[in-house]
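The structure presented is a predicted model; accordingly, all values stated were derived computationally and were not measured. Counting convention: from 1, in listed order, for ligands and their atoms alike.
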Amino acid sequence: MPINKSEYFKLVQELDSAGIKLVAVSKSQSVEDILSLYELGQRDFGENYVQELLGKHNQLPQDIRWHFIGHLQSNKVKAIVPFVQLIQSVDSLKLLETINKEAAKLDRTLDCLIQVHIAREETKFGMDEAELKEFFNNMPGDLKNVRIAGLMGIASLETKEEQIRMEFSQLKKLADQFFPSDPHLRQLAESRIVSMGMSGDYKIAIEEGSNMVRIGSLVFGDRR
Ligand SMILES: *Cc1c(COP(=O)(O)O)cnc(C)c1O
C-alpha cells in the first residue's frame, strides 16, 4: 500500500500542535515506502523485529531515528545497540542490564522505556504494576549506560473505548507515580516519555496524556 500523504500531514499537524512525537511504525513496510515518508520529513520510525530493522537500517538514510518497539531477546541486543535511538520495550531487569553492558562497550548511553502490560490480552509482553514497583526498587545504581526515559504500553485491541481509556489512564498514572519520586532519578532522562496510542486508539491515548504515539497503518496504509 502506498503512503497516505494527506493522512500523514493532517496527523503531523495535529500532533505537532500538541507537542506529541510521532513514531511511524514501519514493520513489514518496504524500504521505498519508508523513504517516501522520510522525504515528507518523518525521521522517527519504529520496528518490531531485529533482522528486519538491521536490513532497513543498512539501506535507509543514516539520520533516521530508529525505535525498537517489539519483544527483544537479550541475545539480539548487541546488534541494534550501535545505532538504535530508543528501545521502547524493556520488560525485565535482565534485558536492561544486557543493554547497559552492550552500550558500555560502545561508550554510549541509550534511552529506554519500560513496557507495561496494560491490555487484557495475556499474550502481550510487559511488566505489571507489581513487577514495575519491584523493578524500580531493585534497579542497581550502576547502570550508567542506560537511561529510563519513560513507559510504553499497548492497550487491548478488540474492546470498548471505556476499557482502552482506563488502560491508558492507568499507564499515565504509573508514569506520574514512578518518575518524579524515584530514588534513581539521576538515571532518568529529563523529559519523561509516555508512549501510548496506535492507529486505532491514538486519540484516546492523547486525551489520557500520551506524548508519543506509535502509528503504522494510518500513515502507511494496511500492512501486507
Ligand atoms: C504494530 C505496532 C504499532 C502500530 O500499529 P498500527 O495499528 O498499525 O498503528 C504500534 N505499537 C506497537 C508496539 C506495534 O507492534
Side-chain angles (χ1 to χ4, degrees), residues 1-12 14-15 20-30 33-34 36-37 40 42-56 64-73 76 80 84-92 95 111-128 149-161 163-165 167-168 170-172 174-175 193-224:
M1 284 286 282
I3 284 143
N4 190 330
K5 274 191 201 177
S6 64
E7 283 287 356
Y8 175 73
F9 283 127
K10 206 176 97 204
L11 186 65
V12 162
E14 185 185 336
L15 296 174
I20 296 160
K21 170 93 87 181
L22 169 64
V23 176
V25 176
S26 49
K27 63 175 174 227
S28 86
Q29 306 294 350
S30 68
D33 283 352
I34 296 172
S36 306
L37 204 52
L40 300 182
Q42 182 66 28
R43 290 296 178 271
D44 291 87
F45 289 89
E47 286 284 339
N48 292 57
Y49 304 101
V50 169
Q51 282 313 317
E52 193 177 335
L53 172 56
L54 294 176
K56 287 173 177 173
I64 286 184
R65 297 185 289 265
W66 292 105
H67 296 239
F68 195 80
I69 62 172
H71 182 61
L72 183 58
Q73 291 167 293
K76 303 263 177 76
I80 64 170
V84 77
Q85 173 81 15
L86 179 66
I87 299 178
Q88 298 205 10
S89 46
V90 174
D91 58 2
S92 71
L95 178 59
D111 285 339
C112 298
L113 306 183
I114 306 300
Q115 184 172 353
V116 184
H117 184 269
I118 52 173
R120 279 177 165 174
E121 292 104 12
E122 285 299 322
T123 49
K124 293 268 159 44
F125 293 100
M127 298 186 195
D128 63 23
L151 303 178
M152 184 272 259
I154 306 170
S156 297
L157 291 180
E158 316 280 347
T159 191
K160 289 201 298 273
E161 178 178 328
Q163 174 68 24
I164 295 170
R165 191 176 290 286
E167 292 168 1
F168 285 147
Q170 183 198 351
L171 186 66
K172 174 64 164 56
L174 289 171
I193 298 170
V194 184
S195 171
M196 57 188 193
M198 315 192 341
S199 294
D201 58 18
Y202 77 93
K203 287 186 179 159
I204 308 172
I206 290 169
E207 284 166 10
E208 297 303 325
S210 169
N211 58 16
M212 180 177 279
V213 293
R214 310 175 309 272
I215 292 182
S217 41
L218 188 64
V219 292
F220 278 109
D222 289 334
R223 278 185 285 279
R224 280 156 297 178

**Message:** List ligand 1 atoms under 4.0 Å from R214, heavy atoms only on the residue side.
**Reply:** 4 (C), 9 (O), 10 (C), 11 (N), 12 (C), 13 (C)
**Asked** When only distance counts, is I215 in polar contact with ligand 1, meaning an N/O pair under 3.5 Å?
**Response** no
**Fill in**
ligand 1 to I154, heavy atom cutoff 4.0 Å, flagged ligand atoms 13 (C)
**Numbered atoms of ligand 1 (with element) below 4.0 Å of G216, judged on heavy atoms** = 4 (C), 6 (P), 8 (O), 9 (O)
**Message:** Among residues at least two apart in sequence or on other chains, which ones pass salt bridge (Lys or Arg N to Asp or Glu O under 4.0 Å) with D44?
**Reply:** K21, R65
**Request:** Could you tell me which atoms of ligand 1, counted from 1 in the order shown, lie closer than 4.0 angstrom to a heavy atom of V25?
**Result:** 1 (C), 2 (C), 3 (C), 4 (C), 10 (C)
**Prompt:** Taking non-hydrogen atoms only, is K27 closer than 4.0 angstrom to ligand 1 via side chain, backbone, both or neither?
**Reply:** side chain
**Message:** Between H67 and Q85, is there a side-chain donor-acceptor contact under 3.5 Å, judged purely by atom types and distance?
**Reply:** no
**Prompt:** Parallel, tilted or perpendicular: which describes the rings of H71 and F125, with under 30° parallel and over 60° perpendicular?
**Reply:** parallel
**Salt bridge flag under 4.0 Å for residues E47 and K56** = yes
**Asked** Between E207 and R165, does at least one N-O distance fall below 4.0 Å, as a salt bridge requires?
**Response** yes
**Request:** Please confirm whether L218 comes under 4.0 Å of ligand 1, counting heavy atoms of the residue only.
**Result:** no
**Request:** Heavy atoms only: give me the nearest L95-V90 pair and the separation to one decimal.
**Result:** CD2-CA, 3.9 Å
**Request:** Can you sort out the partners of K76 under salt bridge (Lys or Arg N to Asp or Glu O under 4.0 Å), two or more places apart, ordered by chain and number?
**Result:** none
**Prompt:** Which atoms of ligand 1 sit under 4.0 Å from any heavy atom of N48?
**Reply:** 14 (C), 15 (O)
**Asked** Near I69, which atoms of ligand 1 are under 4.0 Å from a heavy atom of that residue?
**Response** 11 (N), 12 (C), 13 (C), 14 (C)
